[in-house]
> 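Attaching a single structure in structure tokens format; questions to follow.
Fair warning: this is a prediction, and the values are worked out from it, not measured in the lab. All chains are named by letter (A, B, ...) in the order of the sequence lines, taking the proteins before the strands, and each is independently numbered beginning at 1.
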Amino acid sequence: MTIAVKTFARLAEAASALSTERGARFLAGGTLVMRAVNEAEPSIETLVRSTDPSFVGIAVTSGRVELGAGVTMAAILGERELAFLHPVARAVGGPAVREAATIGGNLFAPSPYGDFASALLALDATVTLAGGYGQRELSLEEFLGRRERGASLVSSIAFKRPANEVFRFTKVTRVHPKGLSVLAIAAQLPLANGRIAGPRIAYGAMGRMPLRAKAAERALEGRPLEDNAIAPALAVAADGTSPLDDAIASAWWRREILPIHLRRLLLGAGRS
Amino acid sequence: MKTSIQFRLNDEEVATFADSGSNLLDVLREGIGDLSVKGGCWQGTCGTCTVLVDGMPRLSCVTLAESCEGKSIETVAGLRQGAKLHPLQTAFMERFAAQCGYCTPGMLMAAKALLDREPNPTRENVVDAICGNICRCTGYEPIIAAVLDAARAAPRRS
Ligand SMILES: Cc1cc2nc3c(=O)[nH]c(=O)nc-3n(C[C@H](O)[C@H](O)[C@H](O)COP(=O)(O)OP(=O)(O)OC[C@H]3O[C@@H](n4cnc5c(N)ncnc54)[C@H](O)[C@@H]3O)c2cc1C
Ligand code: FES
Ligand code: FES
């Protein structure tokens, strides 16, 4: 069966087509969609694309970052103002994958993929959905919660730019320099008078999709980043997680090593 | 449904008709007849199908051919100039960087993408450039050595 490819100059038109065409699937970088097409996935009858310039736009001000959902990992790596995100973008595949893979596509990538999405969750990002009748903004957390329900088009992603040294990221793999996640941890760790104030920690590959480490966040509040002080957070690090058993690692192993890597991150690893 | 696709391939204009939704790898091999590009997995995993699209490395098996309309594509077939091999090809021969040769087209193009941008790469740069390309024969070391040799052999730009 051949597939219809429909390319739209405006995101709103692409969003309408996505909701009205039979068997429509949005194509961004295609690193996952084209796999499915090559395997003749029967649910895909139409590929919807957009050449809207806003889809690949990058706007960075002192306080805020706004990224078109079609921005690639390579484009992030080419933007000096986004240096804090370079370790995250570099963690996604090899150079040829990074040229194509988009940040929007990463929000839909099944576990153990989704490294960039975990970073965006730690950054408290919001997602803008394009529809035929206008746009709608919602938190990434809410978006991930309903990800599997509908075929909405993500047009852009925005977040507050973290202060220097506040954002950290680590990805644990078996193969170096490139491998799929055993797990990934992204964190914003703001300090007030040497103590953690309002931490935000997200895990990749610790569930079907990126998730917050809410118990660890609560246990860190008001504590200095020192070995004894972080022990209670490490004890609850795996609370609320439901990692997969897959070819990369067992769920048991992921839970076992999570506190070890969270400890390293809290004590200074993963700064960009 | 057939669709027409036109792009530059190794500095020549080419055009073909392909099934809509085809990947670039199949279009290059079956539509245009450039058999220098190899397919291994059609999953984006092995890297042997790596080509350059507007100078940047792309996995042709997971690239929608229609998205390459009007672009410039480079494959291994365009590397040598007449009888003269590209410095990467010479270095791969001299370092025994190809055994079964299956990964070689992708390795050469991933390495070319690096050297075109970074004529004086470090070993780490080379490892990163080929990290999406699987080789089951050489253990990678001869390939890394060949890319570093090729960088040294190429005329200096700076
Ligand atoms: C060899 C290889 C290695 C990889 N390594 C990693 C890795 O290390 N880490 C990682 O996280 N991922 C990895 N991936 C997975 C993938 O490349 C990335 O997750 C990438 O970010 C997906 O983006 P894409 O633009 O290619 O998505 P596509 O393939 O274009 O789309 C993926 C899904 O998302 C939907 N979609 C895409 N964009 C939008 C949008 N804007 N709005 C609505 N729906 C949308 C599509 O319809 C599709 O269902 C790898 C893939 C390959 C082939
Ligand atoms: S054939 Fe494209 S990556 Fe294997
Ligand atoms: S030479 Fe055989 S796979 Fe690399």
> Only heavy atoms, only distances under 4.5 angstrom. Which residues in residues 73-80 of chain A are near chain B?
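Counting heavy atoms that sit under 4.5 Å from chain B, no residue of residues 73-80 of chain A is involved.
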> Would A:His176 and B:Val127 satisfy side chain to side chain contact (heavy atoms under 4.5 Å, CB included), going step by step from the backbone distance to the final call?
CA-CA 10 Å; A:His176 294 273; B:Val127 170; over 6 Å; no
> Mark yes or no for whether A:Asn38, through its side chain, and B:Trp42, through its backbone, hold a donor-acceptor pair below 3.5 Å.
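Checking the backbone N and O of B:Trp42 against the side chain of A:Asn38, a donor-acceptor pair under 3.5 Å is found.
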> What option among B:Asn133, B:Asp128, B:Leu114, B:Ile130 has the most heavy-atom pairs under 4.5 Å with chain A?
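Answer, by heavy-atom pair count under 4.5 Å with chain A: B:Asp128.
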> Shortest non-hydrogen contact from A:Pro95 to B:Cys131?
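Shortest heavy-atom separation between A:Pro95 and B:Cys131 comes out as CD-SG, 4.0 Å.
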> When you look at CD of B:Gln81, are more than 12 heavy atoms from neighbouring residues, nucleotides or ligands closer to it than 6.0 Å?
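No, the 6.0 Å shell around CD holds no more than 12 heavy atoms from other groups.
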> Can you tell me if CZ on A:Arg208 sees more than 12 non-hydrogen neighbours from other groups inside 6.0 Å?
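No, the 6.0 Å shell around CZ holds no more than 12 heavy atoms from other groups.
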> Counting a contact as any heavy-atom pair under 4.5 Å apart, which residues of residues 55-68 of chain B contact chain A?
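Only B:Met56, B:Pro57, B:Arg58, B:Leu59, B:Cys61, B:Val62, B:Thr63, B:Leu64, B:Glu66, B:Ser67 of residues 55-68 of chain B have a heavy atom under 4.5 Å from chain A.
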> Which region of A:Leu27, side chain (C-beta onward) or backbone (N, CA, C, O), has a non-hydrogen atom less than 4.5 Å from a non-hydrogen atom of chain B, or is it both or neither?
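Contact with chain B: side chain only.
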> Would you say CD of B:Glu141 has more than 12 non-hydrogen atoms from neighbouring residues, nucleotides or ligands within 6.0 angstrom?
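Counting neighbours around CD of B:Glu141, more than 12 heavy atoms of other residues, nucleotides or ligands fall under 6.0 Å, so yes.
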> With a 3.5 Å distance limit and no angle check, can you tell me whether B:Ser20 reaches the backbone of A:Ile3 through a side-chain donor-acceptor pair?
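Yes.
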> Chain B heavy atoms under 4.5 Å from A:Val5: which part of the residue, side chain, backbone, both or neither?
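Both parts, heavy atoms under 4.5 Å.
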> Under a 4.5 Å heavy-atom cutoff, which of A:Glu39, A:Arg90, A:Met34, A:Arg49 has the most pairs with chain B?
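Answer, by heavy-atom pair count under 4.5 Å with chain B: A:Met34.
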> Counting N and O atoms only, with roles assigned by atom type, does the side chain of A:Thr2 sit under 3.5 Å from a partner on the main chain of B:Met1, one being a donor and the other an acceptor?
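The answer is yes, because a donor-acceptor pair under 3.5 Å joins these two groups.
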> Give the member of B:Glu124, B:Met109, B:Gln43 that has the highest number of heavy-atom pairs under 4.5 Å with chain A.
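Result: the option with the highest number of such pairs is B:Gln43.
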